[in-house]
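Take a look at the structure set out below.
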Amino acid sequence: MTDTATFADAAPQTGTEHFDVVIVGAGISGRRGVSPNHAMPGTTFVVLETHESFGGTWLTHRYPGIRSDSDLYTFGYRFKPWTSAPIATAAEILSYMGEVIDENDLGRHIRYRHTISSAHWSSRENLWTVDATRTDTGQALRFTTNFLWMCQGYYRHSQGYTPEWSGMAEFKGGPFTLQSRLPLADGLR
């Protein structure tokens, strides 16, 4: 299984790099963008991933028993159908994704530890400009692309979601605590 993409991480990164397609995210959706049957011959592409490895949710969510909540036949790729049990563990999904990367020589196109700070479209140039930073070196990078495919998922892995509401700063909790709601025998409270 591929853990890192040494070719892509070691590529010289000075000035602006141009790719026909830039894919943001090396999770299961990002893999869909680099299907061998999808890309036209000669199309250049790069996958920019924030984390140190591929997998998205299946890499970052590590709680005990994590598994898919949807059948993997839906997530499997046309060029490599999912053939195991329809509901799978994170380890099984990561293994499958590693096989897809290895069998299709995709590792050299993935650049790990790259965060995106902005993406701007120019109608005049018909071009996206994507600014990124390597999290391991702090190096600022710029990419241009004709097609930007955002596959980063919907979780902000760096910080959980906290809703905001009026008076939030003063909120000290609800009227009940868990302990006050538990039916305990007299003398145990």
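For reference, positions follow the sequence shown, starting with 1.
Side-chain heavy atoms closer than 4.5 Å link hydrophobic residues (I, L, V, M, F, W, Y) into clusters, and following such links, possibly through other members, connects Phe45 to Tyr112. In this structure, Trp82 is a member of the same hydrophobic cluster as Phe54, with clusters built from ILVMFWY side-chain heavy atoms closer than 4.5 Å.
For the residue pair Thr44 and Asp20, a side-chain donor N or O sits within less than 3.5 Å of a side-chain acceptor on the partner. Using a 3.5 Å distance cut-off with no hydrogens or angles, the side chains of His120 and Asp131 do not pair a donor with an acceptor. If you check the side chains of Trp121 and Ser123, you find a donor sitting under 3.5 Å from an acceptor. In summary, the side chains of Ser95 and Glu92 do not present any donor paired with an acceptor at a separation below 3.5 Å, with no hydrogens or angles considered.
Using a 4.5 Å heavy-atom threshold, the side chains of Glu99 and Lys80 count as touching. Side chains of Thr89 and Ile66 form no contact here, defined as non-hydrogen atoms less than 4.5 Å apart. Side chains of His18 and Asn146 form a contact here, defined as non-hydrogen atoms less than 4.5 Å apart. Contact check for Thr133 versus Gln139: no side-chain heavy atoms found under the 4.5 Å cut-off. A 4.5 Å side-chain heavy-atom check between Ile116 and Leu48 finds at least one atom pair inside the cut-off.
In this structure a side-chain-to-backbone donor-acceptor pair under 3.5 Å is present from Thr145 to Val22. At least one donor-acceptor pair closer than 3.5 Å links the side chain of Glu49 to the backbone N or O of His51. Between the Glu17 side chain and the Phe143 main chain, no donor and acceptor come within less than 3.5 Å of each other. A side-chain donor-acceptor contact under 3.5 Å links Asp71 to the backbone of Tyr73. With His109 contributing its side chain and Gly107 its backbone, the two residues share no donor-acceptor pair below 3.5 Å. Side chain of Trp128 to backbone of Val130: no donor-acceptor contact under 3.5 angstrom is found. A distance-only check finds no donor-acceptor pair linking the side chain of Thr50 to the backbone of Arg113 [under 3.5 Å].
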### Query
Should Thr135 and His114 be marked as a side chain to side chain contact (heavy atoms under 4.5 Å, CB included) after you check the CA-CA gap, both sets of side-chain angles, and the distance that decides it?
CA-CA 6 Å; Thr135 61; His114 283 62; over 6 Å; no
### Steps toward side chain to side chain contact (heavy atoms under 4.5 Å, CB included) verdict (Leu106, Arg108)
CA-CA 5 Å; Leu106 299 176; Arg108 64 190 176 97; over 6 Å; no
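The shortest heavy-atom contact between Ile93 and Ser68 is CD1-CB, 4.0 Å. Nearest heavy atom pair, residue Phe19 against residue Arg111, reads CZ-NH2, 3.7 Å. Nearest heavy atom pair, residue Ala132 against residue Ser117, reads N-OG, 4.2 Å.
A distance of 7.0 Å separates CZ in Arg142 from OG in Ser118, rounded to the nearest 0.5 Å.
Relative orientation of the Tyr77 and Phe79 rings is parallel, given thresholds of 30° and 60° on the angle between their planes.
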